[in-house]
Enquirer: 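Here you go, one structure.
Chain letters run A, B, ... following the sequence lines, proteins first and then strands; every chain starts at 1. Since we're looking at a predicted model, the values are computed, not measured.
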2 protein chains.
Amino acid sequence: MANRSYHHGDLRAALLEQAGRTLREKGASALSLRELARDLNVSHAAPSRHFKDRRALLDAVALLGFARMAEALAKADPGPEAGFRARLEALARATVDFAVSERELIALMFSSKADTDALDDMHEAWMRLAAPVYAAIADGQRTGDVHAGDVERIAYSAFFTVHGVANLASIGVIPEADIDQALGDALDHLVRGLRP
Amino acid sequence: MANRSYHHGDLRAALLEQAGRTLREKGASALSLRELARDLNVSHAAPSRHFKDRRALLDAVALLGFARMAEALAKADPGPEAGFRARLEALARATVDFAVSERELIALMFSSKADTDALDDMHEAWMRLAAPVYAAIADGQRTGDVHAGDVERIAYSAFFTVHGVANLASIGVIPEADIDQALGDALDHLVRGLRP
DNA sequence: ACCTGAACACCGTTCAAGT
DNA sequence: ACCTGAACACCGTTCAAGT
């Protein structure tokens with residue numbers, strides 16, 4: 001209770017960080033602004049200076065999640081030299097790993113947000129996420145692994161499958177022990193389906 | 001306020017029905033037991049007789065959702081006579097239609113439920129849902145449209161793709177106008193990938 | 001500019017008591 | 001068996017007031 005004006009005015013960042021922690025531990029529905037404020041030793045009304053309401057805070061956390069996921073994908077991308085199948089597999093595995101290790105975050109990121117006005121930011125984050133997949137498909141077309149056609153549409157189609165595995169693995173429909181096999185099966189079908 | 005002992009003791013059913021309505025209109029996070037009770041003219045403590053807590057009510061609603069989705073899929077299944085591609089397409093379209101027209105319900109059904117003890121019921125509901133897909137894959141193997149192998153694994157692989165489209169369409173990542181095209185692309189790749 | 005304290009209108013859950 | 005009323009410990013949001 002000794003330190004006033006918490007964190008040099010960096011309450012916003014502190015809130016986001018703490019929100020990320022409690023999200024991971026207890027899920028979005030159990031995240032309360034008042035508890036966050038308590039954890040950071042500020043009054044319960046303080047968060048409203050930085051986020052207009054609970055939804056705005058959660059949107060900001062989701063946006064950070066997209067950035068982190070994009071970074072994870074970019075880091076996992078072995079580049080075109082690895083070969084098409086290996087590259088797609090690396091990207092897919094990184095996606096599924098992220099979804100499984102950040103269940104609550106991914107649930108927040110991919111929960112309905114139709115009425116949100118923060119949709120432009122989301123779209124940009126999404127583009128960054130999709131970039132390595134686009135690159136993989138485009139390179140696949142050059143190496144003869146992928147049939148001709150609109151890169152974006154083909155990339156989306158690939159993403160559907162990977163997202164399906166990631167989502168179902170994340171919520172436990174696919175048992176932890178079967179995830180590798182399930183992803184392998186999905187990739188086998190996907191790679192064959194993409195061939196010229 | 002005149003009618004006491006609401007609905008001949010069928011408060012449980014009335015709660016589920018009303019919960020379904022407010023879920024559709026305002027989403028799971030905005031569903032309050034007290035508001036439900038108000039809508040049904042019972043005291044705010046009444047629901048606890050039929051559902052031990054809020055989570056139990058939502059689980060029951062999700063379970064009904066699986067039953068309804070299974071029914072929708074069974075009804076949409078044209079049977080083996082339609083041919084493999086047409087059959088798979090009918091099932092996929094029914095899945096996506098359900099996901100888009102029942103956004104909030106599908107979000108509830110496919111939200112993390114790892115710690116729930118109502119997991120056995122969920123598993124049974126899931127099996128009913130998967131039945132037509134299993135049948136389509138098994139028949140596809142007989143007609144030479146699908147490669148040999150474990151039916152369950154192949155069916156799951158098909159489901160990943162369709163679920164991916166359904167989920168992303170449901171939350172608005174795929175714009176409404178592009179859903180048909182996206183599903184078409186996904187099915188093209190899937191059917192090719194499944195071939196012997 | 002940023003935070004506090006009090007106030008308002010909500011919650012879920014529990015439990016004695018009523019019918 | 002089923003429901004009520006009161007109580008408890010929470011919420012999100014707003015707004016005057018402080019620094």
Enquirer: Measure from CZ on A:Arg55 to C1' on D:dC11 and round the result to the nearest Å.
Expert: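 Rounding to the nearest Å, CZ of A:Arg55 and C1' of D:dC11 are 17 Å apart.
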
Enquirer: What is the distance, rounded to the nearest whole Å, between atom CZ of A:Arg12 and atom P of C:dA1?
Expert: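 Distance, rounded to whole Å: 17 Å.
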
Enquirer: Of all the nucleotides listed (C:dG12, D:dC3, D:dG12), which has the minimum atom distance to the side chain of B:Ala46?
Expert: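 Looking only at heavy atoms from C-beta outward on B:Ala46, the closest nucleotide is D:dC3.
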
Enquirer: Among D:dG12, D:dC3, D:dC15, which nucleotide sits nearest the side chain of B:Leu11?
Expert: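 My answer, after comparing the listed nucleotides, is D:dC3.
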
Enquirer: Which nucleotide in the set D:dT13, C:dC15, D:dG12 lies at the smallest distance from any side-chain heavy atom of A:Ser32?
Expert: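 Given the options D:dT13, C:dC15, D:dG12, the side chain of A:Ser32 is closest to D:dG12.
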
Enquirer: Quick one: does any side-chain atom of A:Ser101 pair with a main-chain N or O of A:Asp97 as donor and acceptor, under 3.5 Å?
Expert: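 Side chain of A:Ser101 to backbone of A:Asp97: a pair is present.
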
Enquirer: Output the rounded distance in Å from CD (A:Glu35) to P (D:dC10).
Expert: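 In whole Å, D:dC10 P and A:Glu35 CD are 10 Å from each other.
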
Enquirer: Taking the side chain from B:Ser170 and the backbone from B:Val100, do they hold a donor-acceptor pair closer than 3.5 Å?
Expert: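 Answer holds: no.
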
Enquirer: As a test of understanding, state which of B:Lys26, B:Arg21, B:Arg54 forms a salt bridge (Lys or Arg N to Asp or Glu O under 4.0 Å) with B:Glu35.
Expert: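 Passing option: B:Lys26.
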
Enquirer: Pairs counted as Watson-Crick or G-U wobble with both distances under 3.5 Å: what dot-bracket string results for DNA chain C, using | for bases tied to another strand?
Expert: ||.|||||...|||||.||

Enquirer: Quick one: pull up CZ in B:Phe66 and CG in B:Leu108 and give me the separation to the nearest 0.5 Å.
Expert: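 So the gap between those two atoms works out to 9.0 Å.
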
Enquirer: Return the nearest nucleotide to the side chain of A:Val42; candidates are C:dT13, C:dT4, D:dG5.
Expert: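 Minimum distance to the A:Val42 side chain belongs to C:dT4.
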
Enquirer: When we call it a touch if two heavy atoms are under 4.0 Å apart, what does B:Arg38 touch: a base, just sugar-phosphate, or nothing?
Expert: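 Touches sugar-phosphate only.
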
Enquirer: Looking across every strand, which nucleic acid part, if any, lies under 4.0 Å from A:His50 by heavy atom: base, sugar-phosphate, or nothing?
Expert: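 Sugar-phosphate contact only - A:His50 comes under 4.0 Å of backbone atoms but never of a base.
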
Enquirer: For A:Phe51 and D:dT14, give me the distance from atom CZ to atom P, rounded to whole Å.
Expert: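 Roughly 16 Å, once rounded to whole Å.
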
Enquirer: What nucleotide, of C:dC3, D:dG5, D:dC3, holds the atom closest to the side chain of A:Ser43?
Expert: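 Of C:dC3, D:dG5, D:dC3, C:dC3 is nearest to the side chain of A:Ser43.
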
Enquirer: Please report the distance, rounded to the nearest Å, between CG in B:Asp53 and C1' in D:dA9.
Expert: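 It works out to 17 Å between those atoms.
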
Enquirer: CG/A:Leu187 to OG1/A:Thr161 distance, rounded to the nearest 0.5 angstrom?
Expert: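 If we round to the nearest 0.5 Å, A:Leu187:CG and A:Thr161:OG1 are 8.5 Å apart.
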
Enquirer: Is the base of D:dT13 touched by the side chain of A:Arg34 through a donor-acceptor pair closer than 3.5 angstrom?
Expert: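 Such a pair is found, so the answer is yes.
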
Enquirer: Any idea which of C:dC3, D:dC3, D:dT4 is nearest the B:Ala45 side chain?
Expert: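 Nearest to the side-chain atoms of B:Ala45, counting from C-beta on, is D:dT4.
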
Enquirer: What is the nucleic acid contact for A:Arg54, judged by heavy atoms within less than 4.0 Å: base, sugar-phosphate only, or nothing?
Expert: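 Result for A:Arg54 = sugar-phosphate.
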
Enquirer: Expressed in angstrom and rounded to an integer, what is the separation of B:Leu57 atom CG from C:dC11 atom C1'?
Expert: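 It works out to 15 Å between those atoms.
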
Enquirer: Could you tell me whether a side-chain N or O of A:Arg192 sits under 3.5 Å from a main-chain N or O of B:Arg195, the two making a donor and an acceptor?
Expert: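 Flag set: sc A:Arg192 to bb B:Arg195 pair under 3.5 Å.
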
Enquirer: Students often mix this up, so state it plainly: with edges at 30° and 60°, are the rings of B:Phe159 and B:Trp126 parallel, tilted or perpendicular?
Expert: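 Ring orientation of B:Phe159 relative to B:Trp126: perpendicular.
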
Enquirer: Over how many whole Å does the gap from B:His44 atom NE2 to D:dC3 atom P extend?
Expert: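 Interatomic distance, NE2 of B:His44 to P of D:dC3: 14 Å.
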
Enquirer: Indicate, with a heavy-atom threshold strictly under 4.0 Å, whether B:Ser48 touches base, sugar-phosphate, or nothing.
Expert: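 Counting heavy atoms under 4.0 Å across all strands, the contact made by B:Ser48 includes a base.
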
Enquirer: Rounded to the nearest angstrom, tell me the gap between atom CZ in B:Arg49 and atom P in C:dA16.
Expert: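 The distance from CZ of B:Arg49 to P of C:dA16 comes to 11 Å, rounded to the nearest Å.
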
Enquirer: If you define the side chain from C-beta out and look only at heavy atoms, does anything of A:Arg68 sit under 4.5 Å from A:Met109?
Expert: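 The answer is no, as the side chains (C-beta and beyond) never meet within the 4.5 Å cut-off.
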
